[in-house]
*Asks:* 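Mind looking over this structure? Questions follow.
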Amino acid sequence: MIALTEAIAIGRTFASMKDYQLDGNREMVALGTMNVVGSMTSCYVATGSFSRSAVNYMAGCQTAVSNIVMSVVVFLTLQFLTPLFKYTPNAILAAIIISAVISLVDYQAAILIWKIDKFDFIACMGAFFGVVFISVEIGLLIAVSISFAKILLQVTRPRTAILGKIPRTTVYRNIEQYPEASKIPGVMIVRVDSAIYFSNSNYVKERILRWLTDEEAVKGDYHTRIQFLIVEMSPVTDIDTSGIQAFEELHRSLEKRSVQLVLANPGSAVTDKLYTSNFANIIGQDKIFLTVAEAVAYCSPKLDVNP
């Protein structure tokens, strides 16, 4: 798998430099066929070579015929010319590869990655130093591991946001992104920007309850006490059994606080599962709305503002 990743990564590097498209499926078929045929003659399992590809590129090779020529030259060299290279210093061989590869180092891209995403920059540096000081395989393994850790972190810690109403509209957006957005008194609107699975369901529930606790601590008087919690579910593409159980636990916790749970704009797949699991009936089918604005309109007349 690492060798396959290496080959495709190398191919994409040169494809971006030469401005052509790379088909990953064809790459896999080519590498698989090459190794199956090679295994019939006890050939070592092989993949694309970054150093030799760089040397080919710097030599001005334009087509796949250069690989045939290179293969013939390597074969003749191994058969007849190997004794002539016996006393060639490794430094000379390394210099040939370094001179070809060094022009491929794009420090401007690394600076751009640092500005865009620090986690991607760590993966980039892990790959770079792994390749430079150990091998291409280890460098790619480091980068893949860091990227995989990033994906796990994003899955287990999805983005959530408190929404507010944009003035003179019925649009509700993240109050951190839009400071002019105002909260609705007595109503807290939360958006979950991810599918809700077993890996993040408990985090989502605890995050919402923590926000509710913080909001009540700030607005402790009865006039502004949170009475409705609206969960905006349009970004939630799917939900599993653990996610539904987390919502059931959230509903029970809210009932103890005298807070009603309202859902806004769940997708078709999510809605089907909410009805199949009977959760829609638990909270009440009249508390599932198409938009946040409709949910707020439902909650506003029911707010208890009397001392």
Side-chain angles (χ1 to χ4, degrees), residues 156-165 172 174-175 181-307:
T156 57
R157 296 290 186 272
R159 294 181 183 274
T160 51
I162 295 179
L163 306 185
K165 183 175 180 293
Y172 292 80
N174 185 352
I175 59 175
S182 59
K183 297 180 181 179
I184 307 299
V187 180
M188 188 170 78
I189 309 170
V190 177
R191 186 183 67 209
V192 181
D193 295 336
S194 169
I196 302 176
Y197 295 121
F198 69 94
S199 59
N200 61 22
S201 58
N202 193 57
Y203 171 82
V204 171
K205 180 196 70 175
E206 292 181 351
R207 180 67 170 167
I208 293 174
L209 290 175
R210 192 181 310 119
W211 263 336
L212 184 62
T213 302
D214 294 342
E215 194 76 8
E216 290 177 342
V218 173
K219 299 180 179 180
D221 96 87
Y222 191 77
H223 292 271
T224 56
R225 181 179 62 84
I226 300 299
Q227 300 174 46
F228 290 92
L229 172 67
I230 300 175
V231 181
E232 160 45 333
M233 301 187 68
S234 56
V236 181
T237 56
D238 198 6
I239 189 171
D240 66 356
T241 305
S242 298
I244 294 174
Q245 290 177 350
F247 268 93
E248 291 175 350
E249 294 173 4
L250 175 64
H251 176 61
R252 288 193 292 268
S253 298
L254 293 176
E255 281 187 326
K256 295 178 182 178
R257 304 184 184 202
S258 299
V259 178
Q260 298 184 48
L261 177 62
V262 180
L263 304 182
N265 195 23
S268 58
V270 175
T271 302
D272 291 342
K273 293 182 179 181
L274 293 178
Y275 277 93
T276 302
S277 64
N278 203 40
F279 180 72
N281 295 324
I282 293 175
I283 66 171
Q285 297 184 22
D286 60 333
K287 294 180 181 177
I288 301 178
F289 296 91
L290 180 62
T291 65
V292 175
E294 291 181 3
V296 172
Y298 166 83
C299 299
S300 297
K302 301 177 182 297
L303 291 174
D304 186 2
V305 295
N306 296 321

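Any value given below was found using the heavy atoms of this structure, including those in side chains, with hydrogens, waters and symmetry copies removed.
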*Asks:* Determine, step by step, whether Leu212 and Leu254 satisfy the side-chain contact (heavy atoms from CB on, under 4.5 Å) criterion, reporting the C-alpha distance in whole Å, the side-chain angles of both residues, the deciding distance to 0.1 Å, and the verdict.
*Replies:* CA-CA 9 Å; Leu212 184 62; Leu254 293 176; 3.4 Å; yes
*Asks:* Heavy-atom count check: over 12 atoms from other residues, nucleotides or ligands less than 6.0 Å from Tyr275 OH?
*Replies:* yes
*Asks:* Please state whether the rings of Phe289 and Tyr298 are parallel, tilted or perpendicular, taking 30° and 60° as the class boundaries.
*Replies:* tilted
*Asks:* Can you tell me if Thr156 uses its side chain to pair, donor with acceptor, with the backbone of Ser199 under 3.5 Å?
*Replies:* no
*Asks:* How far apart are the closest heavy atoms of Ala269 and Thr237, and which atoms are they?
*Replies:* CB-O, 4.2 Å
*Asks:* Could you tell me if the side chain of Asp193 sits less than 4.5 Å from the side chain of Pro158, heavy atoms only?
*Replies:* no
*Asks:* Applying side-chain contact (heavy atoms from CB on, under 4.5 Å) to Leu274 and Leu263, what does each step give before you reach the verdict?
*Replies:* CA-CA 11 Å; Leu274 293 178; Leu263 304 182; 3.7 Å; yes
*Asks:* Please evaluate residues Leu209 and Leu250 with respect to the criterion side-chain contact (heavy atoms from CB on, under 4.5 Å), reporting the C-alpha separation (whole Å), side-chain torsions for both, the decisive distance (0.1 Å), and the verdict.
*Replies:* CA-CA 8 Å; Leu209 290 175; Leu250 175 64; 3.6 Å; yes
*Asks:* To the nearest 0.5 Å, what is the distance between CD1 on Ile282 and NE2 on His251?
*Replies:* 7.0 Å
*Asks:* I need the Arg210 CZ to Tyr203 OH distance, nearest 0.5 Å.
*Replies:* 7.0 Å
*Asks:* Consider side-chain contact (heavy atoms from CB on, under 4.5 Å). Of Ile230, Val292, Leu229, Ile189, which one does Val262 pass it with?
*Replies:* Ile230
*Asks:* Of all heavy-atom pairs between Val236 and Ala195, which one has the smallest distance, and what is that distance?
*Replies:* CG1-CA, 4.2 Å
*Asks:* Would you please test Thr213 and Arg257 for side-chain contact (heavy atoms from CB on, under 4.5 Å) and show each step?
*Replies:* CA-CA 10 Å; Thr213 302; Arg257 304 184 184 202; 3.1 Å; yes
*Asks:* Please answer whether the main-chain N or O of Glu249 pairs with a side-chain N or O of Lys205 as donor and acceptor at a distance below 3.5 Å.
*Replies:* no
